[in-house]
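Worksheet: the structure to be examined is printed underneath.
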Amino acid sequence: MEENKEKSLADQKREALLYRQKNGYDRLPREEEPLLEEYCAAYKKFLDGGKTERECAAYTVALAQARGFRPYTRGQALAAGDKIYYANRGKAVMLAVIGSRGLEEGINICAAHIDSPRLDLKPNPLYEDSELAFLKTHYYGGLRKYQWVTIPLELRGVVALKDGRLVDVSIGGNPGDPQFTVDDLLPHLGADQAKKTLAEGITGEQLNLLVGSRPFREDEGSERVKLAVLDILNQKYGIVEEDFISAELSAVPAFRAADIGFDRSLIGAYGHDDRVCAYAALAALLELGTPARTAVCVLADKEEVGSMGVSGMQSHAFDHFISDLCDGRQVPLKTCFENSFCLSADVTAAYDPNFPEVYEKRNSARANYGVGLCKYTGSRGKGGASDAAAEVVGYARRIFDKAGVVWQMAELGKVDQGGGGTVALYMANRNIDTLDAGVPVLSMHAPFETVSKLDCYMTYKACKAVYEAEE
Ligand code: MN
Ligand code: MN
């Protein structure tokens, strides 16, 4: 006798008609769990290996070289299966695996960014006040200033000397290194400050980095603390105060990537936005065989400030790289672009039950529900959005389901609550069909952001599916 009852008509209809999502862990095959952990362990190394776009680009090139990628030079002959990269001024990287089909059939692109919000030093940063030495900063990207005080910070970047040499600076990341910090008021004297809004409580000009307090010995002159700091910098790096003018130095959070939670299901780190998608796009490309269509991974700079400049996604550097590939095959660039697909791989906001008032629950990305696809970003009436066509979203559903990717649809937050953008519109402007997709993040743009491991892994699988898509 049959134990199971026939499903009721309503249950049959429910199954057939309703869109119901399960938690990613209910959909993740058991055998993929170790792969997920292995992937996330490598991702954490990537995070610790690069805290600025320059470091991240250098780490990317090292990983690529280890996997047989070679630097591309204009005019170089290429064949199917060739693996190449082009580093743009040490701040952005484009990598490609040449496909078996012609470039007139288009390319499959995953584009992410490797710059993150931080505190850049001003051109004339060093000063002494009340026998304490500070560095003036100018914040980079959309950060909430109150979050950047009283945390340990590191100094990373380069100083370009007048004689043409470039000095690498990295202080705070190695065991035993000194670190830096920005002060805040004590609560005992914070009554007036506490009445201000979060946006006004700490101002941009208060984000001054504390860098020293010991005066130069046996000296009666002025600015002895500043002098002593400069003396240390001069001995270690051979620089003088004027050299700050041609430097790019940034204060970045000193945290290392760490598992979060008793169950270790999450990762906390600085710079998930957007290294979590950058690593997904990169890792998927590094292990690619010979794809049908040429696969291209773009790790761009300057997304956090509008994607402009020579190393941003608006730069012609990308067009030049792809047109160089096209020139070698006598394919018009425009033909290649109009047949291409781009996954704009960038993070989205994860629904946070501590702040339900800013999210629309039915259309928010949730941690552990997989890579979040955003048909559109923007703000207000979708202003500034690159609204992917229904056909493009349909295509993504098809290739992701086929590849076993756990994915979800995502809007950033409630209508008129705020908004954001990515590199998507700059790719779409090139006549490339583009869809936004990425990892949902808690505390986005904070010095310490949190993501789910499952979502990281599923974004990697999504990028792999994009590169391997044949239709
Ligand atoms: Mn981003
Ligand atoms: Mn961002």
Side-chain angles (χ1 to χ4, degrees), residues 44-56 58-59 114-122 125-141 143-159 167-186 202 204-216 224-239 241 243-244 247-260 267-273 275 443 445-450:
K44 284 188 284 180
K45 270 192 195 163
F46 181 79
L47 283 168
D48 292 336
K51 289 191 174 180
T52 62
E53 65 278 356
R54 282 180 191 270
E55 291 180 347
C56 206
Y59 196 88
I114 50 176
D115 60 315
S116 296
R118 62 186 186 231
L119 305 179
D120 285 345
L121 297 198
K122 292 191 183 192
L126 184 60
Y127 70 100
E128 175 177 337
D129 193 337
S130 311
E131 294 177 88
L132 295 172
F134 296 92
L135 290 168
K136 294 294 296 177
T137 71
H138 193 139
Y139 67 96
Y140 172 93
L143 54 80
R144 312 188 77 191
K145 299 173 193 97
Y146 74 89
Q147 295 178 335
W148 291 72
V149 296
T150 67
I151 58 167
L153 296 163
E154 302 170 359
L155 202 60
R156 307 279 186 114
V158 296
V159 183
V167 180
D168 266 305
V169 175
S170 179
I171 311 171
N174 298 311
D177 272 5
Q179 296 179 338
F180 308 93
T181 194
V182 177
D183 315 329
D184 194 4
L185 267 182
L186 60 169
I202 299 289
E205 293 297 351
Q206 283 173 330
L207 294 174
N208 302 316
L209 207 60
L210 181 60
V211 297
S213 70
R214 186 183 296 148
F216 203 87
R224 295 191 300 153
V225 177
K226 174 176 170 176
L227 183 66
V229 165
L230 270 173
D231 192 42
I232 292 166
L233 289 174
N234 183 257
Q235 285 180 32
K236 187 159 184 198
Y237 298 106
I239 62 173
E241 187 177 14
D243 292 324
F244 280 118
E248 281 179 350
L249 295 168
S250 307
V252 295
F255 314 128
R256 290 176 75 84
D259 285 349
I260 297 289
I267 302 172
Y270 163 64
H272 281 311
D273 178 8
R275 290 175 196 133
S443 317
H445 282 205
F448 196 73
E449 306 172 308
T450 301

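Throughout, numbering of the chain's residues begins at 1 and tracks the sequence.
- Considering every non-hydrogen atom in both Ala133 and Val229, the closest pair reads CB-CG2, 4.0 Å.
- Between Asp259 and Lys44 there is a salt bridge, with a side-chain nitrogen of the basic residue lying less than 4.0 Å from a carboxylate oxygen of the acidic one.
- In plain terms, the two heavy atoms of Val159 and Asp243 that are nearest each other are CG1-O, 3.5 Å.
- In this structure, Phe448 and Ser443 approach most closely via the heavy-atom pair O-CB, 4.0 Å.
- Expressed to the nearest 0.5 Å, how far NZ of Lys51 lies from CZ of Phe255 amounts to 8.5 Å.
- Side-chain contact, Thr52 with Arg156: no donor N or O sits under 3.5 Å from an acceptor N or O.
- No donor-acceptor pair under 3.5 Å is formed between the side chain of Asp168 and the backbone N or O of Val158.
- Between the side chain of Thr450 and the backbone N or O of Gly268 there is no donor-acceptor pair closer than 3.5 Å.
- Looking only at distances, a side-chain donor or acceptor of Thr181 sits under 3.5 Å from a matching main-chain atom of Ile151.
- The neighbour count for Tyr139 OH, taken as heavy atoms of other residues, nucleotides or ligands under 6.0 Å away, does not exceed 12.
- Between Tyr270 and Trp148, the ring-plane angle classifies as perpendicular under the 30° and 60° cut-offs.
- His272 places a side-chain N or O within donor-acceptor distance of the main-chain N or O of Ile267, the cut-off being under 3.5 Å.
- Here the side chains of Phe46 and Cys56 are in contact, with some heavy-atom distance below 4.5 Å.
- Side-chain atoms of Glu131 do not come within 3.5 Å of backbone N or O of Val225 as any donor-acceptor pair.
- We find the CD-NZ distance between Gln206 and Lys145 to be 10.0 Å, quoted to the nearest 0.5 Å.
- Scanning both residues, Ile239 and Asn234, for their nearest heavy atoms gives O-ND2, 3.0 Å.
- No salt bridge links Glu449 with Arg275; every basic N to acidic carboxylate O contact stays at or beyond 4.0 Å.
- Distance CG/Leu249 to CD1/Ile171: 8.5 Å, rounded to 0.5 Å.
- Annotation: the span from Thr137 atom OG1 to Leu209 atom CG amounts to 7.0 Å, rounded to 0.5 Å.
- Asp115 and Tyr140 are linked by a side-chain donor-acceptor pair at a separation below 3.5 angstrom, with hydrogens and angles left out of the test.
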Practice task
Please report the C-alpha distance between Val169 and Leu233 in whole Å, then the side-chain angles of each, then the deciding distance to 0.1 Å, and finally whether the side chain to side chain contact (heavy atoms under 4.5 Å, CB included) criterion is met.
Solution key: CA-CA 10 Å; Val169 175; Leu233 289 174; over 6 Å; no
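- Using modelled atom types, one side-chain atom of Gln179 and one backbone atom of Gly172 make a donor-acceptor pair closer than 3.5 Å.
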Exercise for the section: Report the C-alpha distance between Ile114 and Tyr59 in whole Å, list the side-chain angles of each, state the deciding distance to 0.1 Å, and finish with yes or no for side chain to side chain contact (heavy atoms under 4.5 Å, CB included). Expected result: CA-CA 11 Å; Ile114 50 176; Tyr59 196 88; over 6 Å; no
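- No side-chain donor-acceptor contact under 3.5 Å links Asp120 to the backbone of Glu248.
- Minimum heavy-atom separation, Pro215 to Ala228: C-CB, 4.2 Å.
- Tyr127 places a side-chain heavy atom less than 4.5 Å from the side chain of Asn208.
- Rounding to the nearest 0.5 Å gives a distance of 11.0 Å between CG of Leu119 and CG of Leu135.
- Here the NZ atom belonging to Lys122 is positioned 10.0 Å from the CG atom belonging to Leu207, to the nearest 0.5 angstrom.
- The shortest non-hydrogen separation linking Ala269 to Leu47 is CB-CD1, 3.5 Å.
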